[in-house]
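The structure under discussion appears below in the form of structure tokens.
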Amino acid sequence: MASSKKSGSGSSSPMLAVSRIAVGIMYLFFAEYKLVSSDFARQGYSKYVTGFYQDTALGFYKPFLHWTLQHHMFSGYGVGIAELLIGLSMVLGFWVRPFSILGALFMFNLALSTWVLPAGTATWRYFGNQLDNIPLMLLFLVFFFHRAGETWGVDGARAG
């Protein structure tokens with residue numbers, strides 16, 4: 001596998017590879033929970049997304065969430081498969097750039113779904129509420145721009 005290139009060139013580093021692999025492992029755990037049993041697709045997806053739809057989603061995003069609820073089995077398995085593919089990509093360092101974009105969009109989706117807080121909530125709490133989503137979304141963008149799959153990954157072997 002390829003080693004890191006000159007610093008500042010937008011290329012990957014060993015610490016970025018460790019971060020990429022750790023994120024990948026987390027996503028594999030998320031996918032396992034959703035794909036090993038049909039419970040998430042049958043009930044869990046609807047439960048979570050209904051809560052987002054009713055309580056915390058931004059208004060313009062609600063029609064999309066409503067559509068996914070009408071197709072909850074497809075959407076539930078789709079989320080699990082997306083997490084599986086993102087996780088495999090990050091762990092293996094294979095097609096990291098395209099799957100980093102998918103990961104960033106995935107986290108952006110969660111931010112749009114959980115943004116709204118009760119009326120009267122302090123403004124800073126809106127960003128504080130997103131500490132689960134925004135940092136991971138930004139990390140996926142770092143993986144993309146720094147070609148994180150080129151160190152300790154299949155992308156590096158293909159580029160080299």
Side-chain angles (χ1 to χ4, degrees), residues 10 12 15-149 153-155:
S12 185
M15 191 62 222
L16 197 56
V18 168
S19 299
R20 182 199 82 225
I21 293 166
V23 167
I25 291 169
M26 288 188 315
Y27 266 78
L28 291 175
F29 281 123
F30 299 155
E32 183 271 337
Y33 155 72
K34 292 174 180 86
L35 296 175
V36 167
S37 167
S38 64
D39 291 346
F40 180 78
R42 291 186 187 283
Q43 299 168 355
Y45 182 85
S46 292
K47 175 186 166 192
Y48 290 113
V49 176
T50 297
F52 298 157
Y53 181 82
Q54 292 175 345
D55 300 327
T56 59
L58 289 169
F60 75 89
Y61 203 59
K62 287 184 178 189
F64 173 73
L65 294 178
H66 181 70
W67 180 85
T68 68
L69 286 169
Q70 291 176 334
H71 308 281
H72 68 276
M73 289 286 288
F74 173 80
S75 299
Y77 280 119
V79 167
I81 290 167
E83 289 175 346
L84 175 65
L85 294 174
I86 292 167
L88 288 172
S89 172
M90 297 300 125
V91 168
L92 299 173
F94 181 66
W95 287 1
V96 169
R97 295 189 84 207
F99 280 102
S100 291
I101 295 299
L102 180 62
L105 290 172
F106 190 83
M107 297 313 299
F108 186 62
N109 166 67
L110 285 173
L112 294 175
S113 296
T114 60
W115 190 264
V116 177
L117 292 173
T121 302
T123 304
W124 67 267
R125 293 283 313 254
Y126 285 91
F127 289 106
N129 194 43
Q130 295 304 316
L131 286 177
D132 293 341
N133 302 321
I134 292 174
L136 196 51
M137 179 178 63
L138 294 174
L139 190 55
F140 277 120
L141 294 175
V142 168
F143 294 160
F144 176 84
F145 286 109
H146 287 273
R147 301 179 178 273
V154 175
D155 289 347

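Here the structure is a predicted model, which means the values were calculated and not measured.
- When every heavy atom of His146 is checked against every heavy atom of Leu16, the shortest pair comes out as CB-CD2, 3.5 Å.
- The two residues Lys62 and Gln54 come nearest to each other via the heavy atoms NZ-O, 4.4 Å.
- Tested against Leu117, the residues Asp55, Asn129, Thr56 include a single side-chain contact (heavy atoms from CB on, under 4.5 Å) partner, Asn129.
- Counting heavy-atom neighbours within 6.0 Å of His71 NE2, excluding the residue itself, gives a total above 12.
- Listed here is the closest heavy atom pair of Val116 and Ala57: CG2-O, 3.5 Å.
- At distances below 3.5 Å, at least one donor-acceptor pair connects side-chain atoms of Thr68 with backbone N or O atoms of Leu65.
- The ring-ring contact (aromatic ring centres under 6.0 Å, His included) test with Phe140 is passed by exactly one of Phe106, Phe145, Tyr27, Phe99: Tyr27.
- Atom CZ of Phe94 has more than 12 heavy atoms from other residues, nucleotides or ligands within 6.0 Å.
- In this structure, the side chains of Trp95 and Val154 stay at 4.5 Å or more apart for every pair of heavy atoms.
- For Arg20 and Phe143, the positive end is not near the middle of the six-membered ring at less than 6.0 Å and at most 45° from its axis.
- Residues Tyr53 and Tyr48 place their aromatic rings such that the two centres sit no closer than 6.0 Å.
- Considering OG of Ser19 and CG of Leu139, their distance stands at 6.0 Å, rounded to 0.5 Å.
- Expressed to the nearest 0.5 Å, how far OG of Ser46 lies from CE of Met73 amounts to 9.5 Å.
- Between the CE atom of Met107 and the CG atom of Leu102 there is a distance of 11.5 Å, given to the nearest 0.5 Å.
- Atoms OH and OH, from Tyr45 and Tyr77 in turn, are 14.0 Å apart once rounded to the nearest 0.5 Å.
- Side chains of Val142 and Leu138 form no contact here, defined as non-hydrogen atoms less than 4.5 Å apart.
- In this structure, the side chains of Ile86 and Phe30 stay at 4.5 Å or more apart for every pair of heavy atoms.
- Contact record, Leu88 with Leu28: N-CD2, 3.7 Å, taken as the closest heavy-atom pair.
- Summarising the geometry of Gly80 relative to Ala31, their closest heavy-atom pair is O-CB, 3.5 Å, with the distance given to 0.1 Å.
- Atom OG1 of Thr114 and atom OH of Tyr61 lie 10.5 Å apart (nearest 0.5 Å).
- Closest approach of Met90 and Val96 over heavy atoms only: CE-O, 3.8 Å.
- Panel note: side chain Ser89, backbone Leu85; no donor-acceptor pair is recorded below 3.5 Å.
- At distances below 3.5 Å, not a single donor-acceptor pair connects side-chain atoms of Ser37 with backbone N or O atoms of Tyr33.
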task: Please lay out, stage by stage, how Lys34 and Val79 fare under the test side chain to side chain contact (heavy atoms under 4.5 Å, CB included).
output: CA-CA 8 Å; Lys34 292 174 180 86; Val79 167; 3.8 Å; yes
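- Looking at Glu83, its side chain never comes within 3.5 Å of a backbone N or O of Gly103 through a donor-acceptor pair.
- With rounding to the nearest 0.5 angstrom, the CE atom of Met137 is 11.5 Å from the CG atom of Asn109.
- Side-chain atoms of Phe52 and Leu112, non-hydrogen and from C-beta on, never get closer than 4.5 Å to each other.
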